[in-house]
Amino acid sequence: MPELPEVETVRRGLQPVMEGFRIVKLEVRRKDLRFPFQRDFVERLAGQFVTGLGRRAKYLLADLASGDVLLMHLGMSGSFRVTKEDDERAPGQFHHARAKDGAHDHVVFHMSSGAEIVFNDPRRFGYMKVIARNALDEEPLLSGLGPEPLGNEFDAAMLAQSCANKKTSLKAALLDQRVVAGLGNIYVCEALFRAHLSPRRLAATLATKAGQRKGVAGGEPTDHAKRLVTAIHAVLNQAIKAGGSSLRDHRQTSGELGYFQHSFQVYDREGEKCQTAGCGGIVKRFTQNGRSTFWCPKCQK
DNA sequence: CCGCGGGCCTGAGAGC
DNA sequence: TGCTCTCAGGCCCGCG
């Protein structure tokens, strides 16, 4: 479930207890998540010093002093919870709460910082994999990813160009991690709403006719493409500031809820009045490529 | 190559 | 209460 803002929130929560510390002990409580763990997974991580914690799209990447990188993905229901081992007996209710879903606590990192970091994932669509840093460029999980939506290289011209030859809807294009990496169903709906663009629109309409024929980078972005990039930036930055969105599973690593869900304007708001000033439309829902789309047919064109 | 639909899992909530 | 059905923030894979 986590999209870029949730993953970034998790990264910021883990960084202070992982970066600059050693993985004293690693518990792996099952043989697989989405994929089986590598045979040497534990031995390559146990005792290792973490030099940095980064993010690429919806992936977390922990750099190790050994030259390996630990790649982590939260799937739909993955989460990390941090507690200090030294205040372990303080919150009695904590142990109580943990016993409740302890069944899905699959991986536990015991850090030299004194932190205990538990990865919980009921649906097990998440996964972890250790890769040599110098083989990162050939890693199939990462190699197809498009630009970071908050990175410098992502702009209207680039978005228009990568949409120019697409035969899908704009909604599907934005969910395609090869076009832009990190958006998911919620933030695509929200960005399209804020840009007043229809999810049904053909993706290729973001480029001018000339740009579509040429298919050249730096070609001709339309005002629509500019508006969309602005909306994507805005919604992601606001969501990160709010600690992400907590619908079902996502929490900050401290256990606190994110609160961007209160700022959704269309997602999960079917039947509500459109929030665009003076619009008066009603938020509708329909299915596109097997996913729910929420939008206002009146002001999104 | 591209786009789509199925499948992977569990749990929450609605309706009966 | 409990059963059945639908749906969920993602992404890999096989098919046409």
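Each chain gets a letter, A, B and so on, in the order the sequences are listed, and its residues count up from 1.
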Engineer: Could you list the residues that satisfy side chain to side chain donor-acceptor pair (under 3.5 Å) with A:Arg55, not counting sequence neighbours?
Structural biologist: A:Glu8, A:Glu148
Engineer: If the condition is side chain to side chain contact (heavy atoms under 4.5 Å, CB included), which residues does A:Pro199 pass it with, not counting sequence neighbours?
Structural biologist: A:Lys171, A:Leu192, A:Phe286, A:Gln288, A:Thr293, A:Trp295, A:Gln300
Engineer: Does a salt bridge link A:Arg30 with A:Asp32, judged by any charged N lying under 4.0 Å from a carboxylate O?
Structural biologist: yes
Engineer: Take atom CZ of A:Arg123 and atom P of B:dT10, then tell me their distance rounded to the nearest Å.
Structural biologist: 10 Å
Engineer: Checking A:Lys25 now: which residues fulfil side chain to side chain contact (heavy atoms under 4.5 Å, CB included) with it, not counting sequence neighbours?
Structural biologist: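 Side chain to side chain contact (heavy atoms under 4.5 Å, CB included) list for A:Lys25, sorted by chain: A:Glu27, A:His110.
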Engineer: Looking only at non-hydrogen atoms, find the nearest pair between A:Lys84 and A:Ser113 and report the distance.
Structural biologist: NZ-O, 3.3 Å
Engineer: Listed by chain and number, what are the side chain to side chain contact (heavy atoms under 4.5 Å, CB included) partners of A:Asp155, not counting sequence neighbours?
Structural biologist: A:Ala157, A:Met158
Engineer: Atom pairs under 3.5 Å, N or O on each side, protein against nucleotides 11-15 of chain C: can you list them with distances?
Structural biologist:
unit_1	atom_1	unit_2	atom_2	d
C:dC11	OP1	A:His73	NE2	2.8
C:dC11	OP2	A:Lys58	NZ	3.0
C:dC11	O2	A:Arg34	NH2	3.2
C:dC12	O4'	A:Arg34	NH2	3.0

Engineer: Tell me which nucleotide among B:dG11, B:dC9, C:dG9 gets nearest to the side chain of A:Arg124.
Structural biologist: B:dC9
Engineer: Closer than 4.0 Å, any side-chain N/O of A:Tyr267 to the OP1 or OP2 of C:dG9?
Structural biologist: yes
Engineer: Taking CZ from A:Phe125 and P from B:dT10, how many angstroms apart are they, rounded to a whole number?
Structural biologist: 9 Å
Engineer: Please lay out, stage by stage, how A:Ser292 and A:Arg285 fare under the test side-chain hydrogen bond (donor to acceptor under 3.5 Å, both in side chains).
Structural biologist: CA-CA 7 Å; A:Ser292 281; A:Arg285 164 189 178 149; 3.1 Å; yes
Engineer: With sequence neighbours left out, write down each residue that passes side chain to side chain contact (heavy atoms under 4.5 Å, CB included) with A:Thr253, or none if nothing qualifies.
Structural biologist: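 Residues passing side chain to side chain contact (heavy atoms under 4.5 Å, CB included) with A:Thr253: A:Val10, A:Leu14, A:Phe80, A:Val82.
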Engineer: Just to be sure I follow the notation: if a pair is Watson-Crick (purine N1 to pyrimidine N3 plus N6-O4 or O6-N4) or a G-U wobble (N1-O2 and O6-N3), each under 3.5 Å, what dot-bracket string does DNA chain B give, with | for pairs to another strand?
Structural biologist: .|||||||.|||||||
Engineer: With rounding to whole Å, what would you report as the distance between B:dC9 and C:dG14 at their P atoms?
Structural biologist: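 That atom pair is separated by 16 Å.
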Engineer: Just the rounded figure in Å: distance from P of C:dG10 to CG of A:Leu33.
Structural biologist: 18 Å
Engineer: Quick one: list whatever passes ring-ring contact (aromatic ring centres under 6.0 Å, His included) with A:Tyr267, sequence neighbours left out.
Structural biologist: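 Per chain and number, A:Tyr267 pairs via ring-ring contact (aromatic ring centres under 6.0 Å, His included) with A:Phe264, A:Phe294.
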Engineer: When you compare the protein's N or O atoms with those of nucleotides 2-7 of chain C, which come within less than 3.5 Å of each other, and at what distance?
Structural biologist:
unit_1	atom_1	unit_2	atom_2	d
C:dC7	O3'	A:Arg285	NH2	3.4

Engineer: Remember a base hit wins even if backbone is also touched, and classify A:Ser246 as base, sugar-phosphate or nothing at under 4.0 Å, heavy atoms.
Structural biologist: base
Engineer: Using a cutoff of under 3.5 Å, can you pull out all pairs of nitrogen or oxygen atoms linking the protein to nucleotides 3-5 of chain B, with atom names and distances?
Structural biologist:
unit_1	atom_1	unit_2	atom_2	d
B:dG3	OP1	A:Lys167	N	3.2
B:dG3	OP2	A:Lys166	NZ	3.1
B:dC4	OP2	A:Asn289	ND2	3.1

Engineer: May I ask you to check whether A:Gln15 and A:Glu19 show a side-chain donor-acceptor distance below 3.5 Å?
Structural biologist: yes
Engineer: If I take atom CG in residue A:Asp121 and atom C1' in nucleotide C:dA8, what distance separates them, rounded to the nearest angstrom?
Structural biologist: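 The answer, rounded to whole Å, is 13 Å.
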Engineer: Please report, rounded to the nearest Å, how far the C1' atom of B:dG13 is from the CD atom of A:Glu270.
Structural biologist: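 Those two atoms, CD and C1', are 16 Å apart.
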Engineer: Starting from A:Tyr59 and following side-chain heavy-atom contacts under 4.5 Å between hydrophobic residues (I, L, V, M, F, W, Y), which residues can be reached?
Structural biologist: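 Result for A:Tyr59 is A:Phe35, A:Leu61, A:Val69, A:Leu71, A:Tyr127, A:Ile131, A:Leu136, A:Leu141, A:Leu142, A:Leu145.
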Engineer: Pairs under 3.5 angstrom only: tabulate donor-acceptor contacts from the side chains of residues 224-234 of chain A to other protein residues two or more places apart or in another chain.
Structural biologist:
unit_1	atom_1	unit_2	atom_2	d
A:Arg227	NH1	A:Ala195	O	2.6
A:Thr230	OG1	A:Lys226	O	2.9
A:His233	NE2	A:Pro149	O	3.1

Engineer: So which heavy atom on A:Leu53 is nearest to which on A:Arg11, and how close?
Structural biologist: O-NH1, 3.1 Å
Engineer: A:Met72 CE to C:dG10 C1': how many Å, rounded?
Structural biologist: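 One finds 17 Å between C1' of C:dG10 and CE of A:Met72, rounded.
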Engineer: Look at A:His104 and B:dC9 and indicate whether a side-chain polar atom (N or O) is within less than 4.0 Å of OP1 or OP2.
Structural biologist: no
Engineer: With no hydrogens and no angle check, do the side chains of A:Thr51 and A:Asp63 hold a donor and an acceptor under 3.5 Å apart?
Structural biologist: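 A:Thr51 vs A:Asp63: no donor-acceptor pair found between side chains.
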